[in-house]
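FYI, side chains are in, hydrogens and waters are out, and symmetry mates aren't considered; it's all heavy atoms of this structure. Computed from a predicted model, the values in this text were never measured in an experiment.
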Amino acid sequence: MRRSVGVALLSAALVVAGGGLIILTATGAFDQSESNKPSGRAPTVAATPAQPPTQKRPSRSATTPPPVAIRATRYVFPIGGCRADASQSHHDYPASDIFADKGCEFVSPVDGRIDEVTWVDTWNKKTNVGRDRGGLSISVVGVDGVRYYGSHLSAIGAGIKPGLVVKAGQTLGLTGKTGSAQLTPPHLHFGISWPTPAGHWWIRRGAVPPQTFLNAWHSGRQLSPVSLVEKTRRAYGADRGCRSYC
């Protein structure tokens, strides 16, 4: 059953990009205690014993925040509200075609921020240019440092633009047949890679086989691609442009 909230955020019309990358910084307010406020009378100085030259465990000041617990990254399957079947192989480079009906929800597989968005489908079957094959597409850089890419969308969600912070399971767009999927059944092309400068579509489309992770997330198991992405990035070496299916 399709989630009504996710669908309400979507717009079949193309959305114009409105911003660049945003950087999140942790902020907080220092709590000034009553003892720090002026009292109007001279302070009383009490004699105290001398402190030892070193302390094994210094005490925490009133304004030092307590340690923050690190929460493990949560992963979800990138199709919501529909039955979807992920291909267990892909031609020429690592990726998966997740077959689902047109109009199913493409959701963020992880907490993160929007990296790149393609709003216009410029693919032409006569030229079949590699950079255009994805049609409408969205990529997300997760809090885990990995980039996740979905393409062949029929619509981009309203307000989806580079730099937007998103949550795992948040609807980003709708599955469809744009790009080279005009010649195939509707599906979501899904790729996993490391972040790159804008426009490096040959990496963005997929550099690490995603099948093991998709299968795990589909069954509700948590499996991180971080170590495999880093290992693959080191083995890939210098990025000199497209190497296959260009």
Side-chain angles (χ1 to χ4, degrees), residues 13-24 78 90-98 106-166 170 172-182 187-210 225-226 228-246:
L14 300 180
V15 182
V16 178
L21 298 180
I22 52 176
I23 302 174
L24 300 180
H90 194 267
H91 58 82
D92 299 297
Y93 59 91
S96 177
D97 292 330
I98 307 176
F106 167 42
V107 304
S108 179
V110 66
D111 292 353
R113 61 169 177 81
I114 302 297
D115 181 40
E116 293 184 86
V117 179
T118 303
W119 283 275
V120 180
D121 182 6
T122 59
W123 182 75
N124 186 318
K125 67 179 180 180
K126 293 182 179 180
T127 56
N128 196 26
V129 176
R131 67 174 178 270
D132 299 333
R133 285 177 56 82
L136 305 187
S137 66
I138 302 171
S139 60
V140 175
V141 174
V143 293
D144 57 359
V146 173
R147 180 172 54 193
Y148 303 89
Y149 170 76
S151 64
H152 303 317
L153 303 176
S154 61
I156 304 293
I160 298 299
K161 61 184 180 180
L164 179 71
V165 175
V166 294
Q170 179 175 335
L172 307 178
L174 297 180
T175 58
K177 287 172 60 69
T178 58
S180 61
Q182 294 176 29
H187 65 276
L188 176 77
H189 173 97
F190 185 77
I192 294 178
S193 64
W194 51 91
T196 61
H200 288 211
W201 56 268
W202 54 91
I203 300 293
R204 182 184 64 204
R205 69 186 179 183
V208 172
V226 170
L228 180 58
V229 168
E230 178 57 25
K231 178 180 178 181
T232 306
R233 186 191 64 79
R234 292 195 302 266
Y236 188 87
D239 183 4
R240 299 185 177 89
C242 182
R243 301 183 181 185
S244 65
Y245 215 88
C246 304

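Of the inter-residue distances, the one linking D239 atom CG with R233 atom CZ reads 11.0 Å to the nearest 0.5 angstrom. Atom CG of L164 is separated from atom CD1 of I114 by 5.5 Å, given to the nearest 0.5 angstrom. Atom OG of residue S108 and atom CZ of residue R113 lie 12.0 Å apart, to the nearest 0.5 angstrom. Atom CG in D132 sits 9.0 Å away from atom CH2 in W201 (nearest 0.5 Å). Note that CD1 of I156 and CG of L136 are 5.0 Å apart. Values are rounded to the nearest 0.5 Å.
Between the side chain of H152 and the backbone N or O of T178, at least one donor-acceptor pair lies under 3.5 Å. For D121 (side chain) and G179 (main-chain N/O), a donor-acceptor pair under 3.5 Å exists by modelled atom type. At least one donor-acceptor pair under 3.5 Å links the side chain of S154 to the backbone N or O of T175. Distance alone, capped at 3.5 Å, places no donor-acceptor pair between the H200 side chain and the I203 backbone.
Under the 4.5 Å side-chain criterion, counting only non-hydrogen atoms from C-beta, P225 is in contact with Y148. Within the 4.5 Å cutoff, the side chain of P109 has heavy atoms near those of the F190 side chain. Taking the side chain as every heavy atom from C-beta outward, V166 and V140 approach each other to under 4.5 Å. Between L153 and L174 the shortest side-chain heavy-atom distance does not fall below 4.5 Å. Using a 4.5 Å cut-off on side-chain heavy atoms (C-beta onward), R243 and Y236 make contact.
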Before giving the answer on side-chain hydrogen bond (donor to acceptor under 3.5 Å, both in side chains), spell out for S244 and D92 the whole-Å C-alpha distance, their side-chain angles and the decisive distance to 0.1 Å.
CA-CA 6 Å; S244 65; D92 299 297; 5.9 Å; no
Test log, rule side chain to side chain contact (heavy atoms under 4.5 Å, CB included), inputs V146 and I192:
CA-CA 7 Å; V146 173; I192 294 178; 3.6 Å; yes
Could you please spell out the steps behind the side-chain hydrogen bond (donor to acceptor under 3.5 Å, both in side chains) verdict for S137 and T118?
CA-CA 5 Å; S137 66; T118 303; 3.1 Å; yes
Residues K161, V117; criterion side chain to side chain contact (heavy atoms under 4.5 Å, CB included); working and verdict
CA-CA 6 Å; K161 61 184 180 180; V117 179; 5.5 Å; no
Test side chain to side chain contact (heavy atoms under 4.5 Å, CB included) on H187 and D97 and set out the steps.
CA-CA 6 Å; H187 65 276; D97 292 330; 3.5 Å; yes
Go through the steps for W202 and Y93 under the test ring pair (Phe, Tyr, Trp, His ring centres under 6.0 Å), then give the verdict.
CA-CA 9 Å; W202 54 91; Y93 59 91; over 10 Å; no
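Nearest heavy atom pair, residue Y149 against residue G134, reads OH-CA, 3.8 Å. Of all non-hydrogen atoms in I138 and G173, the two that sit nearest each other are CD1-N, 4.4 Å. Minimum interatomic distance between I160 and W119 (heavy atoms only, all atoms of both residues): O-CZ2, 3.6 Å. Between P210 and P94, the closest heavy-atom pair is CD-C, 4.5 Å.
Judged as a salt bridge (charged side-chain N to carboxylate O under 4.0 Å, His left out), and not counting sequence neighbours, the contacts of R234 are E230.
For residues 187-207, every residue pair satisfying the salt bridge (Lys or Arg N to Asp or Glu O under 4.0 Å) rule, not counting sequence neighbours, is listed here: E116-R204. Applying the salt bridge (Lys or Arg N to Asp or Glu O under 4.0 Å) test to residues at least two apart or on different chains, the pairs with a partner in residues 134-152 are D115-R147.
Ring geometry for H189 versus H90: interplanar angle over 60°, hence perpendicular rather than tilted (30 to 60°).
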